[in-house]
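Comments concern the structure below.
In what follows, every heavy atom counts, from backbone to side chain, and hydrogens, waters and symmetry copies are set aside. Order of appearance sets the numbers: ligands from 1, and atoms from 1 within every ligand.
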Amino acid sequence: MIKIKPTIQHTVVCPYCGIDAVSNRVLWQGIHVTVVATCPVCNIETVADLPVGQALFTPYQVNVAANEVFGDKAARDWFGVPLLESLRNPDSHCQVAMQVEKRRKVSNAIILNCLDYLYGHSLLKLLNADSYSGIDQQTGLVVMVPACLRWLVPKYVAEVWVVNIPLSSSRSYFPSLHAAMEKELIRFDEVHLSLAHSHPCGFNITNFSGQSPCKLNDPSVQVTFVWREDRIWSGRYSAKLLGWFGLDLYWQNMKVSFLFKRLKNEIPDVRCVVAGLGKSTRFPEWIQDARVALFNEDNEKTTCRIYSESKLVIGVHGSNMLLPSAHAWATIDLMPDDRWPNLAQDILYQGENDDVRMVSWRYHFIPLKTSLSQIALLARTTLLCAKEALMQFEQGSRST
Ligand SMILES: [Zn+2]
């Protein structure tokens, strides 16, 4: 954690002369939490990232007046330059509404900033909350979340600050949001900033969704395909660009139906479900269609329950696989060619107390172009493995 009140415990170095700058104040940009600092030698003011979230790895520092960015090349285009651009072009017209929900009165606060322009990144930041579930009574966790994540905020959180801006606008700088943050922080004696790790571990997903993940010894023989319409199980990743988008949705539907049919032939009691975002095309009645046109709090909860009833979930790589993998016993992640560098970023691993060898059975990453018959074989084997293990478990229970 980084203390930011009553003093800012972070040193900003002047990018021009290398001398420690004087930290003047915290600036709440949005995704970035920054420090405005002045070099005592150059007398130049810069704005520097506090090392939280992505800035733990690629912090940036900008000179707004000189239009300069300092920092690593790796994330410069999507993280560093947008910081500079946002500060050069603040959105002063939009009055951001921050809804403050106070659940417990505390004198000290830990701020977990979950704002991000990508849904998956926001969700992953929120999972850091579990690190603070046992903090002392005087200190409370305060989470800043976009409205779409409000329903996932754990009960033990002291305050929830819901920021009503679209995810896509989270890289912008809204002076009204900064002002709202400063106004709320007056109430606290001490304020720390959570490091908001980009892919935390050690969390309990039940604290967030309210659903317990499917266990090996749960009787479920359910397989759920996670449907999305902007990244399709078609082998043609850029179908939308090629103008085959509508056709590919029907093709995806056919592949899901064929996959389920093959599983049904070999495991007659398997329950087949399709869930996720988008309701294009229709499925035969023997496939439970739990897809939604638009997510809201109610159907998000229902969908998570479906995932938690699934022995296996299958879907195309992306943030759509985070909650499914967190709740199902096993996952098959279909990887487009250009997503391999992002391997496992969309998986919320479960079963920390399991034998580590079980990971081989629970999490599969295979090319999107893998044939349907190979995927069916892998799915069948995973389900039967679980079923056999369950039988052994039950026999073991009876013999003891
Ligand atoms: Zn300097």
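Tyr363 approaches Leu348 most closely through the heavy-atom pair OH-O, 4.2 Å.
Test Phe225, Trp227, Phe260, Phe258 against Phe283 for ring-ring contact (aromatic ring centres under 6.0 Å, His included) and you get one pass: Trp227.
For the Zn ion (ligand 1), protein N, O or S atoms closer than 2.8 Å were enumerated as Cys14 SG, Cys17 SG, Cys39 SG, Cys42 SG, with waters left out.
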Do any side-chain atoms of residues 165-172 form donor-acceptor pairs under 3.5 angstrom with protein atoms, and if so which ones, sequence neighbours left out?
residue, atom, partner, partner atom, Å
Ser170, OG, Asp116, O, 3.2
Ser170, OG, Leu167, O, 3.1
Arg171, NH1, Trp78, O, 2.9
Ser172, OG, Ser169, O, 3.4

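No donor-acceptor distance shorter than 3.5 angstrom exists from the side chain of Gln99 to the backbone of Val160, with no hydrogens or angles considered.
Ring to ring, Phe70 and Tyr16 are close: their centroids are under 6.0 angstrom apart.
Salt bridge annotation for Glu101-Arg150: present, with a cationic side-chain nitrogen under 4.0 angstrom from a carboxylate oxygen.
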